[in-house]
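In what follows, chains carry the letters A, B, and so on, assigned in the order in which the sequence lines appear, proteins first and then strands, with residues in each chain numbered from 1.
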2 protein chains.
Amino acid sequence: MREVWHPPADEITLAGVMHALSDPARLHILGRIAQAEDGEPCSDLAEDIALHKSTVSHHYRVLREAGLTRTEVDGRSRVIRLRQDDLDKRFPGLLPAVLAAIDV
Amino acid sequence: MREVWHPPADEITLAGVMHALSDPARLHILGRIAQAEDGEPCSDLAEDIALHKSTVSHHYRVLREAGLTRTEVDGRSRVIRLRQDDLDKRFPGLLPAVLAAIDV
DNA sequence: AATAAAGTTGGATGGATGTCCAACCATCCA
DNA sequence: TGGATGGTTGGACATCCATCCAACTTTATT
């Protein structure tokens, strides 16, 4: 796989975003992504997660296909970033509120 | 059934709230509740919903058990209100962002 | 070239979920 | 008292989902 598919910004749905955020593991992962240094590979992020790597990969895909994250292939690792601009345009204030709520 | 159970404010979880909001029908219902006059019975709210009444009842329960709504029994009908204060204390800014996003 | 590392994919499985239907419970009204 | 009304409950059913495992692909290292 060379290219990774992402939904266009205007196809991101509220229900889809909510579903992606309805799992504790994905909320945890999203928190890690938000904390990460820019360009930090996702293998670093998943270190404290007690889940099989294929399960983590599955969660990454759900987040990406919901429009929450953008995945960039860099060698044999991937860099994952939040789609902050797209999300804030489509659902203003939602992502910051979620990120603030994750560490409660 | 005389009394209806509600989760205490500090037991409302982010994942639980997100899950309750991950269904299009529930998002629609939540939008109707937010628009409703105060004290308006929920039978009015469900008029435009093309779902069996037991299904709507099921969605009401999911919203309530997630901590999003408070249900008050009034005779043979129920009045449903958003738990705005509890939610804003626990997840500041989340509910307004969701409500603003529903009508997009 | 051979091995290791980072992720993905497909299958299997147990559990949750949305929906409908039929039956039921309360309550209001004639 | 008897019927209509607003809602809930339990069952049934099809679908989806989180998780793990094994096998695979691609890239980097020695």
Could you tabulate the donor-acceptor pairs under 3.5 Å formed by side-chain atoms of residues 5-12 of chain A, not counting sequence neighbours?
unit_1: A:His6; atom_1: ND1; unit_2: A:Val4; atom_2: O; d: 3.3
unit_1: A:His6; atom_1: NE2; unit_2: A:Thr71; atom_2: N; d: 2.8

Answer for the Watson-Crick or wobble partner of C:dA30, both distances under 3.5 Å, is D:dT1
Both A:His59 and A:Asp74 contact DNA chain D. Which one's nearest nucleotide lies toward the 5' end? A:His59
Take the protein atom [atom1] of [X] and the nucleotide atom [atom2] of [N], then report the distance between them rounded to whole Å.
X: A:Glu72; N: C:dG7; atom1: CD; atom2: P; result: 13 Å
X: A:Lys53; N: D:dT25; atom1: NZ; atom2: C1'; result: 11 Å
X: B:Glu47; N: D:dT5; atom1: CD; atom2: C1'; result: 14 Å
X: B:His52; N: C:dC21; atom1: NE2; atom2: P; result: 5 Å
X: A:Leu63; N: D:dA18; atom1: CG; atom2: C1'; result: 14 Å
X: A:His58; N: D:dC17; atom1: NE2; atom2: C1'; result: 6 Å
X: A:Leu27; N: D:dA18; atom1: CG; atom2: C1'; result: 14 Å
X: B:Tyr60; N: C:dG18; atom1: OH; atom2: C1'; result: 16 Å

Using heavy-atom distances to pick each residue's nearest nucleotide on DNA chain C, tell me which of A:Arg61 and B:Leu51 is more 5'. A:Arg61
Pick from A:Arg83, A:Gln84, A:Arg90: which one makes a side-chain hydrogen bond (donor to acceptor under 3.5 Å, both in side chains) with A:Asp86? A:Arg83
May I have the list of side-chain donor-acceptor pairs in residues 31-38 of chain B shorter than 3.5 Å, sequence neighbours left out?
unit_1: B:Arg32; atom_1: NH1; unit_2: B:Asp48; atom_2: OD1; d: 2.8
unit_1: B:Arg32; atom_1: NH1; unit_2: B:Asp48; atom_2: OD2; d: 3.1
unit_1: B:Asp38; atom_1: OD1; unit_2: B:Arg81; atom_2: NE; d: 2.9

What distance do A:Glu3 atom CD and A:Glu72 atom CD have between them, rounded to the nearest 0.5 Å? 10.0 Å
Any A:Thr55 side-chain N or O less than 4.0 Å from OP1/OP2 of D:dC20: yes
Tell me whether the OP1 or OP2 atom of D:dT8 has a side-chain N or O from B:Ser54 closer than 4.0 Å. no
Is there a path of hydrophobic side-chain contacts, each under 4.5 Å between heavy atoms of I, L, V, M, F, W or Y residues, that connects A:Leu30 with A:Val79? no
What heavy-atom pair brings B:Val17 and B:Phe91 nearest, and what distance separates the two atoms? CG2-CE1, 4.1 Å
Mind checking if B:Ser77 touches a base, just sugar-phosphate, or nothing, with heavy atoms under 4.0 Å? sugar-phosphate
Do the non-hydrogen side-chain atoms of B:Leu14 and A:Ile102 ever get within less than 4.5 Å of each other? yes
Indicate, yes or no, whether a donor-acceptor pair under 3.5 Å links the base of D:dT5 to the side chain of B:Arg76. yes
In residues 16-25 of chain A, what residues come within less than 4.0 Å of DNA chain C, judged by heavy atoms? none
